[in-house]
K.L.:
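What follows is a structure written as structure tokens; I'll ask about it next.
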Amino acid sequence: MRATTGSLYGPGARSINSVYRLVLRGASAAVLHHKTARDTLRKMYRPTFDDALRQLKRHRDEQLQGKVIESKGIEPWMSSWNQKMDNTLSFLLASATTRGVEHKVTRNLTQLAHFRSRRLRDATRVRQSPWNPRLPSQVYSQVSSGLPLSKKDKAIAGPHLVGLIKRAEEAAKKAGGVQDDSAVKQAQFEDGLWNAIGHITKMAEERSGVALGHARYNRSGELL
């Protein structure tokens, strides 16, 4: 059985949105409706449709500016994109109904993207200090964000909390050089590995004519 979008395709954003909804449903079925994998795969397919809408906007801008010759370039691109979406829906259908290569690809890509997101979130997460009801909110926010305390704030915080902060600062100074160097090397290794996976994914997409999705992250490590 071959998945197809029939006459839904067209040069309008409404048609692209209709295909996007089909892909969202197909992505959910491809990972057997597993919540984490479903949400991850859906977010990975969003850049594909963002790029399509940008291409459509450029085409419309050219038409408004009277660039008739350049605007004709949208037709071959749209035909190629239509075929790619047909192939993608067939790929997702095969992932949902078999345990072959298609299912392994979607499963592995979503797991990689999810764990990459979790690693980035862990790296950017601020370690929160235990809540102390006697500690003023301003002092607590400074301690939780790792900001240094003034002498007045330290007096308000009390000797016990100040002692904990001091010991943590001394421990960080002792092992800071080694830990920082190791963390930088680990981050560089992971970035290089993820870039390699991205290049391999793009080559697979070009060869097979299928959209496999791409992971984008914000500063806090969340998938966009």
Side-chain angles (χ1 to χ4, degrees), residues 20 23-54 88 91-92 94-96 99-131 140-148 164-165 167-208 210-224:
Y20 181 50
V23 170
L24 292 183
R25 290 197 290 270
S28 180
V31 292
L32 308 181
H33 307 289
H34 185 277
K35 185 178 186 306
T36 302
R38 177 196 66 200
D39 294 344
T40 301
L41 188 58
R42 284 178 169 179
K43 289 177 181 178
M44 289 174 63
Y45 272 110
R46 182 169 181 173
T48 301
F49 290 87
D50 287 343
D51 293 342
L53 289 173
R54 278 194 292 269
T88 300
F91 174 82
L92 294 174
S95 175
R99 295 298 177 270
V101 174
E102 295 87 353
H103 186 73
K104 292 177 181 178
V105 168
T106 54
R107 181 190 63 191
N108 292 339
L109 285 178
T110 52
Q111 286 181 348
L112 285 169
H114 172 68
F115 287 120
R116 170 71 167 165
S117 175
R118 193 166 70 178
R119 284 280 296 170
L120 292 173
R121 291 199 308 269
D122 290 343
T124 56
R125 185 176 295 135
V126 177
R127 303 186 72 181
Q128 297 292 325
S129 299
W131 172 252
Y140 177 76
S141 63
Q142 285 182 279
V143 172
S144 299
S145 358
L147 298 174
L164 290 176
I165 297 170
R167 284 195 293 273
E169 289 174 350
E170 290 174 353
K173 284 180 181 178
K174 280 185 180 179
V178 178
Q179 288 179 352
D180 289 345
D181 185 56
S182 175
V184 169
K185 288 183 178 179
Q186 179 68 20
Q188 290 174 343
F189 172 77
E190 290 183 1
D191 288 342
L193 183 62
W194 190 251
N195 288 335
I197 292 172
H199 286 303
I200 293 171
T201 303
K202 287 180 180 179
M203 286 190 294
E205 287 182 327
E206 291 296 326
R207 183 173 182 178
S208 60
V210 171
L212 298 174
H214 300 280
R216 295 184 305 183
Y217 304 94
N218 59 19
R219 292 183 178 179
S220 61
E222 297 285 346
L223 271 165
L224 296 175

K.L.:
Does R99 CZ have over 12 foreign heavy atoms under 6.0 Å away?
P.N.:
yes
K.L.:
Does R216 reach the side chain of D50, with side-chain heavy atoms less than 4.5 Å apart?
P.N.:
yes
K.L.:
As a quick check of understanding, evaluate side-chain contact (heavy atoms from CB on, under 4.5 Å) for R116 and I197, giving each step before the final call.
P.N.:
CA-CA 12 Å; R116 170 71 167 165; I197 292 172; over 6 Å; no
K.L.:
From S28 OG over to R25 CZ, what is the distance, rounded to the nearest 0.5 angstrom?
P.N.:
10.5 Å
K.L.:
Rounded to the nearest 0.5 Å, what's the gap from CG on L109 to NZ on K104? Could you check?
P.N.:
14.0 Å
K.L.:
Judged by atom type as modelled, is there a donor-acceptor pair below 3.5 Å linking the side chain of T106 to the main-chain atoms of E102?
P.N.:
yes
K.L.:
Check for a donor-acceptor pair, side chain of T88 on one end and backbone N or O of A211 on the other, with a separation under 3.5 Å.
P.N.:
yes
K.L.:
What's the spacing between M203 CE and E206 CD if we round to 0.5 Å?
P.N.:
10.5 Å
K.L.:
To the nearest 0.5 Å, tell me how far L41 CG sits from R107 CZ.
P.N.:
13.5 Å
K.L.:
Would you confirm whether Y20, through its side chain, and Y45, through its main-chain N or O, come within 3.5 Å as a donor-acceptor pair?
P.N.:
no
K.L.:
One thing to verify: whether K35 and D39 come together as a salt bridge, which I'm taking to mean a side-chain N less than 4.0 angstrom from a carboxylate O.
P.N.:
yes
K.L.:
To the nearest 0.5 angstrom, please state how far the NE2 atom of H34 sits from the OG1 atom of T40.
P.N.:
9.5 Å
K.L.:
Whether the side chain of R38 engages the backbone of H33 through a donor-acceptor N/O pair (distance < 3.5 Å, no angle test) should be reported.
P.N.:
no
